[in-house]
There are 2 protein chains.
Amino acid sequence: MSGIPGYDFGDESVPDAPISMAEFERLKDTVMWSDEDDEYLRMAGETLEPQVDDMLDRWLGFLSTFEFMNDYRRDVDTGELIEEYGDRSRPRYGQWIRDTCDTPYDEDWLDYQFEIGRRHHRTKKNETDDVNAAPHINLRHITPLIYLHTATVREFLQNGDHTEEEIDKMYQAWFKSVVLQVTLWSYPYTKEGDW
Amino acid sequence: MSGIPGYDFGDESVPDAPISMAEFERLKDTVMWSDEDDEYLRMAGETLEPQVDDMLDRWLGFLSTFEFMNDYRRDVDTGELIEEYGDRSRPRYGQWIRDTCDTPYDEDWLDYQFEIGRRHHRTKKNETDDVNAAPHINLRHITPLIYLHTATVREFLQNGDHTEEEIDKMYQAWFKSVVLQVTLWSYPYTKEGDW
Ligand code: HEM
Ligand code: HEM
């Protein structure tokens, strides 16, 4: 497999998504998803692949300017940043860029989105890396990051050999995908029947 | 006041926000908000004002292509679209465009965001217009619409007398605001302590 610690995409240990592919297709329709988006995300994947590390540096660098964001990665007893936690989760974060570009999305992809949600939520945070950090990341600190994870990508998409029109189409497809994913991740946070 | 039925912005009947202005400022920081965004949203307001009706037509037109979206506005007994519901809520939707551009955001604005959340959620849907429609709009049908409410705005921002750079800055500020607002609206949907 990928050899990334704790990366369980496609593994049978990952529970089935609570929605059908048909409902997921409906959600895709609400972001005006088309086959062209699948295509442009694959194009984006080629442009972003050599920049994955730079993207993670940019995003993690931004997050680390906030003490309350760092608190989510500290040992709750000692107050120290858990280095091992960062080292282990970073490659999964990088793999997420690839998975976001690896379209079309199938059932394994859909199932894994809910797993990513659980890993930010108290259901399963810390478990994968067996750490003693804060038990939960608040939803209100996740959703606004749609902006960071979309706006900055445009700059990285520009570092390729593409026309302005192609760059814009890759950006739009990426934007749609991030919005969809954060929607799926909010599932464990919501009250029964509200999601 | 504004004379818009059911529009209670600034009214003392609107409950206080469950977060402080300081926490709201923190959320603004996570979308990289700056004074420039306040400024460019005011500029956007001037460009969008004469286009409010066109924007609503565009958005409501898109939503009405989905039967499951229309279901949220039907009488649950008769199955008919409730015309009065649409007629009464539409001006509030238009006012939202103005309020989004009326920066900087103050406590009344913050309080009203949570009211908008409640009006989509089972806490308070239907109450303002005293209708017998579906009692609740699912969160997973709201969050993806960040895309619609952002991407289409770029086109409307282009119909003014602004440079490409100004258009882009207005668009970025609008994008940040929509992401923040949908974050705030998710509050009543989440489990105690999870938001
Ligand atoms: C849109 C916003 C976000 C994106 C795109 C994102 C992305 C990811 C991804 C892809 C993973 C790896 C999932 C896996 O195990 O395969 C992850 C894990 C993690 N993220 Fe995020 N994240 C977001 C918000 C946040 C926030 C606000 C924090 C707070 C500092 C955060 C902290 C973490 C931590 C601590 C983990 C490891 C979780 C665990 O398994 O214990 N993330 N994130
Ligand atoms: C990002 C997405 C959305 C935005 C920006 C938005 C915007 C608004 C605004 C500004 C209002 C008026 C609030 C007030 O009373 O002052 C409103 C009310 C309403 N919206 Fe949305 N909305 C969104 C998603 C949805 C969805 C998915 C539906 C489903 C069809 C929907 C249906 C309604 C209904 C039925 C009302 C009246 C609610 C009531 O008071 O009973 N909205 N919306």
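Computation of the quantities below employed the complete heavy-atom set of this structure, encompassing side-chain atoms and omitting hydrogens, waters and symmetry-equivalent molecules. In what follows, every chain begins at residue 1, and chains take the letters A, B, ... in the order their sequences are listed.
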If you group Ile, Leu, Val, Met, Phe, Trp and Tyr by side-chain heavy-atom gaps below 4.5 Å, do A/Leu41 and A/Phe156 land in one group?
yes

In one Ile/Leu/Val/Met/Phe/Trp/Tyr side-chain cluster, 4.5 Å: A/Ile4, A/Tyr85
no

Going hydrophobic residue to hydrophobic residue with side-chain gaps under 4.5 angstrom, can you get from B/Leu56 over to A/Met32?
yes

Establish whether B/Tyr7 and B/Val131 are linked, either directly or via other cluster members, by ILVMFWY side-chain heavy-atom contacts under 4.5 Å.
no

Once rounded to the nearest 0.5 Å, what's the spacing between atom OG1 of A/Thr143 and atom CD of B/Gln181?
13.5 Å

Between A/Val179 and B/Pro144, the two heavy atoms sitting closest are CG1-CA, 3.3 Å

Close contacts, residues 59-80 of chain B versus chain A, judged by heavy atoms under 4.5 Å
B/Phe62, B/Phe66, B/Phe68, B/Met69

Under 4.5 Å from a heavy atom of chain B, the part of A/Arg122 involved:
side chain

Hey, could you give me each pair passing ring-ring contact (aromatic ring centres under 6.0 Å, His included) that has a residue in residues 18-39 of chain A? Not counting sequence neighbours.
A/Phe24-A/Trp109, A/Trp33-A/Tyr105

As an exercise: rank A/His141, A/Glu23, A/Lys28 by heavy-atom pairs under 4.5 Å with chain B and give me the winner.
A/Glu23

Would you say B/Asp130 has more than 12 foreign heavy atoms packed within less than 6.0 Å of its CG?
no

In terms of heavy-atom pairs under 4.5 Å with chain A, the winner among B/Ile146, B/Val182, B/Leu180 is B/Ile146

Could you tell me which residues in residues 157-172 of chain B have at least one non-hydrogen atom under 4.5 Å from a non-hydrogen atom of chain A, sorted by residue number?
B/Tyr171, B/Gln172

Mind checking which of residues 187-195 of chain B sit less than 4.5 Å from chain A, heavy atom to heavy atom?
B/Pro188, B/Tyr189, B/Thr190, B/Lys191, B/Gly193, B/Asp194, B/Trp195

Quick one: do A/Ile116 and A/Tyr93 end up in the same hydrophobic cluster if we chain Ile, Leu, Val, Met, Phe, Trp and Tyr together by side-chain heavy atoms under 4.5 Å apart?
yes

With a 4.5 angstrom heavy-atom cut-off, which part of B/Thr30 approaches chain A: side chain, backbone, both or neither?
both

Value rounded to 0.5 Å, distance of CD1 in A/Ile19 from CZ in B/Arg140
6.0 Å

